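Fair warning: this is a prediction, and the values are worked out from it, not measured in the lab. Atoms within a ligand are numbered from 1 in the order they appear, just like the ligands themselves. Sequential numbering from 1 along the given sequence is applied to the chain's residues.
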Amino acid sequence: MADINTHSLVAEKGFLDIELDPTLDLFAEIEKLKKEKNAIVLAHYYQEPDIQDVADYIGDSLGLAQKAQSTDADIIVFAGVHFMAETAKILNPKKKVLLPDLNAGCSLSDSAPPALFKAFKDKHPDHLVITYINCSAGMKALSDIICTSSNAQKIVESLPTDQKIIFAPDKNLGAWINKQTGRNMVLWNGACMVHEIFSLEKITRLKVRHPNAKVLAHPECEEPVLAVADYIGSTTGILKYSQISDAKEFIVATEAGILHQMQKSNPEKTFIPAPPNNSCACNDCPYMKLNTLEKLYLCMKYETPEIDMDEELRLAAKKPIERMLEISAKYGL
Ligand code: 13P
Ligand code: SF4
């Protein structure tokens, strides 16, 4: 447990002022802390490779929520972004949920402030609200069902065809689900900064140079990119497709962190990150990449920063997450 001084130092400044012994084997230390504290490390595929390698479970947003629901660990260390750790806390109020960097937010989540969304929802009183898990607890509390990219289609299809629906906050995922299901859901105008950056022109040029390459895209990408994709799905879906496909080359239109598991499980295949429409490394999520192995170690050692939640908000946000988990279990997702 952290002493009171370390706690207040971290609360004030993060881990910046704590000097780490450079000879420390962080992998071994993290394993030791896991055992000592009965802690589990859950990591998203967009985390840096070292974090993925030390994690107990790596998954997409649905898999991570399911794992957070079923774990009997006392401490959940969430190597991902804030809304993911918050979801784990909503499902586990008695457990300590740690996030290595509390600033690991999400541009998509930020695109839906609950107060604005409440006004939008009030204008559509006869609509059911399906909200993508990439949102704050405040947004979840305003929703009827949460979904992820791997269960959104099934959740929409489980509802009567005449049910009016608002889909938030990702307009690209919403439009793709509308197309897949023939529905006409009302879409909130939000998007992910990473998935909107891919250049169709550069992907098309890459396809000319690699004519046999399959294009794999996340449904958070814009429609013109999805239109040239051979496979569209969640991070887990994209990874699985690359494992079972006979193709030898893949152009990957999602955050570049996923390439680590792809390359690890298919060393003989070639994975090309889809290029962004400028010269920056914008297909790295700046929020996901705030977590580092050092911060992960320090957060486990000092048991901070911790996710804390108002109980009334937690209970309101829990209902639509549980509906998602129930529907997913029913369909074996
Ligand atoms: P999935 O891993 O559920 O596909 O979500 C991707 C994402 O954007 C997470 O922030
Ligand atoms: Fe949010 Fe996009 Fe980063 Fe995922 S990749 S955490 S949706 S900003």
Side-chain angles (χ1 to χ4, degrees), residues 42-48 51-52 55 57-68 78-88 99-113 130-136 139-140 146-155 168-174 176-177 188-198 216-222 225-226 229 231-242 252-262 273-274 276 280-291 321 324-325 328 333:
L42 307 183
H44 189 267
Y45 291 117
Y46 297 164
Q47 292 294 286
E48 63 172 42
I51 293 182
Q52 293 190 36
Y57 176 83
I58 317 164
D60 66 3
S61 307
L62 178 62
L64 288 164
Q66 288 166 329
K67 197 74 190 169
F78 220 112
V81 290
H82 192 274
F83 74 81
M84 296 177 167
E86 200 172 54
T87 302
L99 180 66
D101 191 320
L102 273 187
N103 292 317
C106 167
S107 66
L108 180 52
S109 176
D110 290 347
S111 69
I130 301 183
T131 308
Y132 191 35
I133 200 164
N134 299 36
C135 66
S136 64
M139 274 293 285
K140 289 185 174 78
I146 297 303
C147 71
T148 73
S149 51
S150 54
N151 60 20
Q153 186 173 337
K154 274 274 185 284
I155 286 176
D170 191 73
K171 63 177 177 190
N172 296 317
L173 174 61
W176 183 66
I177 299 292
W188 176 263
N189 188 17
C192 157
M193 61 193 276
V194 179
H195 288 88
E196 285 221 309
I197 205 83
F198 297 115
L216 314 180
H218 195 280
E220 286 174 27
C221 294
E222 290 180 316
V225 170
L226 296 180
Y231 175 81
I232 299 167
S234 78
T235 48
T236 296
I238 288 175
L239 176 62
K240 281 192 182 147
Y241 183 94
S242 75
V252 186
T254 190
E255 211 269 0
I258 185 80
L259 269 73
H260 181 56
Q261 293 304 322
M262 291 178 141
C280 75
C282 306
N283 50 356
D284 265 327
C285 171
Y287 301 106
M288 286 279 182
K289 296 309 197 276
L290 278 178
N291 295 327
I321 299 175
M324 168 186 85
L325 293 170
S328 301
L333 298 170

> In Å and rounded to the nearest 0.5 Å, what is the CG to CZ distance from Asn283 to Phe198?
Replying inline: 5.0 Å
> What's the spacing between His218 NE2 and Ile238 CD1 if we round to 0.5 Å?
Replying inline: 6.0 Å
Show me which atoms of ligand 1 lie under 4.0 Å from any heavy atom of [X].
| X | value |
| --- | --- |
| Met84 | 9 (C), 10 (O) |
| Asn134 | 7 (C), 8 (O), 9 (C), 10 (O) |
| Ser149 | 1 (P), 3 (O), 4 (O) |
| Ser234 | 4 (O) |
| His44 | 1 (P), 2 (O), 5 (O), 6 (C), 9 (C) |

>> With respect to atom 1 (Fe) of ligand 2, please indicate if Cys106 possesses an N, O or S atom at a distance under 2.8 Å.
In response: yes
> N/O of Thr235 under 3.5 Å from N/O of ligand 1, yes or no?
Replying inline: yes
What's the shortest distance from [atom] to any protein heavy atom, and which residue and atom give it?
| atom | value |
| --- | --- |
| atom 4 (O) of ligand 1 | His218 NE2, 2.7 Å |
| atom 2 (Fe) of ligand 2 | Cys192 SG, 2.3 Å |
| atom 8 (O) of ligand 1 | Glu220 OE2, 2.9 Å |
| atom 3 (Fe) of ligand 2 | Cys285 SG, 2.4 Å |
| atom 7 (S) of ligand 2 | Asn134 ND2, 3.2 Å |

> Non-hydrogen atoms of His44 versus ligand 2: any pair closer than 4.0 Å?
Replying inline: no
> So does Lys289 have more than 12 non-hydrogen atoms from other groups sitting under 6.0 Å from NZ?
Replying inline: yes
> Side chain, backbone, both or neither: which part of Asp60 comes within less than 4.0 Å of ligand 1 when only heavy atoms are counted?
Replying inline: both
What do you reckon, does [X] put a non-hydrogen atom under 4.0 Å from ligand 1?
| X | result |
| --- | --- |
| Glu255 | no |
| Cys192 | no |
| Tyr45 | no |

> So, Thr148 versus Ser150: side-chain donor-acceptor pair below 3.5 Å or not?
Replying inline: yes
>> Go through it in stages, so that I can follow the logic: the residues are Leu239 and Ile258, the test is side-chain contact (heavy atoms from CB on, under 4.5 Å), and I'd like the CA-CA distance, side-chain angles, deciding distance and then a yes or no.
In response: CA-CA 8 Å; Leu239 176 62; Ile258 185 80; 4.3 Å; yes
>> Show me which atoms of ligand 2 lie under 4.0 Å from any heavy atom of Glu220.
In response: 7 (S)
>> If you take the nearest heavy atom of each of Ser61, Gly59, Ser109, which one is closest to atom 3 (O) of ligand 1?
In response: Ser61
> With Asn172, which of Glu220, Glu196, Glu222 fulfils side chain to side chain donor-acceptor pair (under 3.5 Å)?
Replying inline: Glu196
>> Which residue is it: Ile146, Ile177, Leu173? I am looking for the one with a side chain to side chain contact (heavy atoms under 4.5 Å, CB included) to Tyr132.
In response: Leu173
> Counting distance only, does the side-chain N/O of Glu255 pair as donor-acceptor with the main-chain N or O of Thr235 below 3.5 Å?
Replying inline: no
Check whether any side-chain heavy atom of [X] lies under 4.5 Å from a side-chain heavy atom of [Y], and answer yes or no.
| X | Y | result |
| --- | --- | --- |
| Asn134 | Asp170 | no |
| Met288 | Met84 | yes |
| Ser328 | Leu62 | yes |

>> Classify the ring geometry of His195 against Tyr46: parallel below 30°, tilted from 30° to 60°, perpendicular beyond 60°.
In response: tilted
